[in-house]
Amino acid sequence: MPCIKSLLKESTSLLEISSDSASLDAEILLCQILKKERSFLRAWPDLELQSKQTNQFWSLIKKRQQGTPIAYITGNKEFWSRDFHVSPDVLIPRPDTELIIELSLKLIPDNKSIKVIDLGTGSGIIAITLAAERLKADISATDLCLAALSIAKLNARKHDINNIKFYQSNWFANVPPIKFNLIITNPPYIAEDDVHLTQGDIRFEPRSALCSGKQGLNDIIIIADTARNFLEPGGHLLIEHGYDQQHIVQSILKDYHYDFVQTATDLSGQPRVTYGQWNKL
Ligand code: GLN
């Protein structure tokens, strides 16, 4: 029977052809089969697998060779130190999105109930992280896709979050006429013909969560426009966007008369979130 060390060696060299994280991928997939942490692999390199486990491992490796993202194979991905269930119905959480969480946390007080909505919640990472970090916040979340909403609800239960109001809605279309203090969104913002769509993990993610018209701006424009009817005076709109969309998103917000429009930079130094304040009645 093959041991951990030999399985890792063989599978890593197979994955190297198609993945630039071959060794990590192989380790994660083996942990999935063994239901162990990665440290276990280092501690027991000579442990032999049963033949059923070996077969299961090779079938996961095959999926990865065909390009399926690791998160869709294992069914989970970490975000803000919490584990989230994911499926091909939702975008895979990205570290870039931690920036919008940091900015939101600065705007949500610890001790006061303010109204927050996450538009296009997908797996629910933004709404659930904010609900877990700010227990008093009154949080809503929307998604157009029912399958995505069930994953977000599953993730909310997984993290014992019971007070998010979920709406199946095309942006604000089915949201009751409430005024929010904070509107947050990581909308689809990629141009339809962007070459990145044909590379790597992104090929397997839902197009509706990624693309938004010729320049990737259709949804951002709709959100910036309609959010004005749903913001309390003094409330903020925060939009995650592409690394090259800072100027255009700033000008969209300014054209719609948001004040103090600014852009924040993510961990890799890219302009990633543009935000503004609504000060009109
Ligand atoms: N809000 C989710 C995320 O940040 C989904 C975003 C999306 O599907 N565009 O990952």
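This one's a predicted model, so the numbers in the text were calculated from it and none came from an experiment. Counting convention: from 1, in listed order, for ligands and their atoms alike. Hydrogens, waters and symmetry mates are skipped; everything else that's a heavy atom, side chains included, is used.
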*Restricting to pairs with a member in residues 170-219, which pass ring-ring contact (aromatic ring centres under 6.0 Å, His included), not counting sequence neighbours?*
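Checked against ring-ring contact (aromatic ring centres under 6.0 Å, His included) - neighbours excluded - the pairs reaching residues 170-219 are Phe172-Phe230.
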*Tell me, please, whether Trp278 has Lys280 positioned over its six-membered ring: NZ or CZ under 6.0 Å from the ring centre and within 45 degrees of its axis?*
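Verdict for Trp278: a cation-pi partner in Lys280.
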*All ring-ring contact (aromatic ring centres under 6.0 Å, His included) counterparts of Tyr275, not counting sequence neighbours*: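 For Tyr275, no residue satisfies ring-ring contact (aromatic ring centres under 6.0 Å, His included) once neighbours in sequence are set aside.
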So what's ligand 1 close to, N/O to N/O, under 3.5 Å?
residue: ligand 1; atom: 1 (N); partner: Gly120; partner atom: O; Å: 3.2
residue: ligand 1; atom: 1 (N); partner: Thr121; partner atom: O; Å: 3.3
residue: ligand 1; atom: 4 (O); partner: Asn186; partner atom: ND2; Å: 2.9
residue: ligand 1; atom: 9 (N); partner: Asn186; partner atom: O; Å: 2.8
residue: ligand 1; atom: 9 (N); partner: Ala209; partner atom: O; Å: 3.0

Tell me which donor-acceptor pairs under 3.5 Å the side chains of residues 116-125 have, and how far apart each pair is, sequence neighbours excluded?
residue: Asp118; atom: OD2; partner: Thr121; partner atom: OG1; Å: 2.7
residue: Asp118; atom: OD2; partner: Ala127; partner atom: N; Å: 3.2

*Give a yes or no on whether Lys136 atom NZ has more than 12 heavy-atom contacts from other residues, nucleotides or ligands under 6.0 Å away.*
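Count not over threshold, so no.
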*Centroid separation Tyr258 to His236 less than 6.0 Å*: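 Not close enough - the centres of the two rings lie 6.0 Å or further apart.
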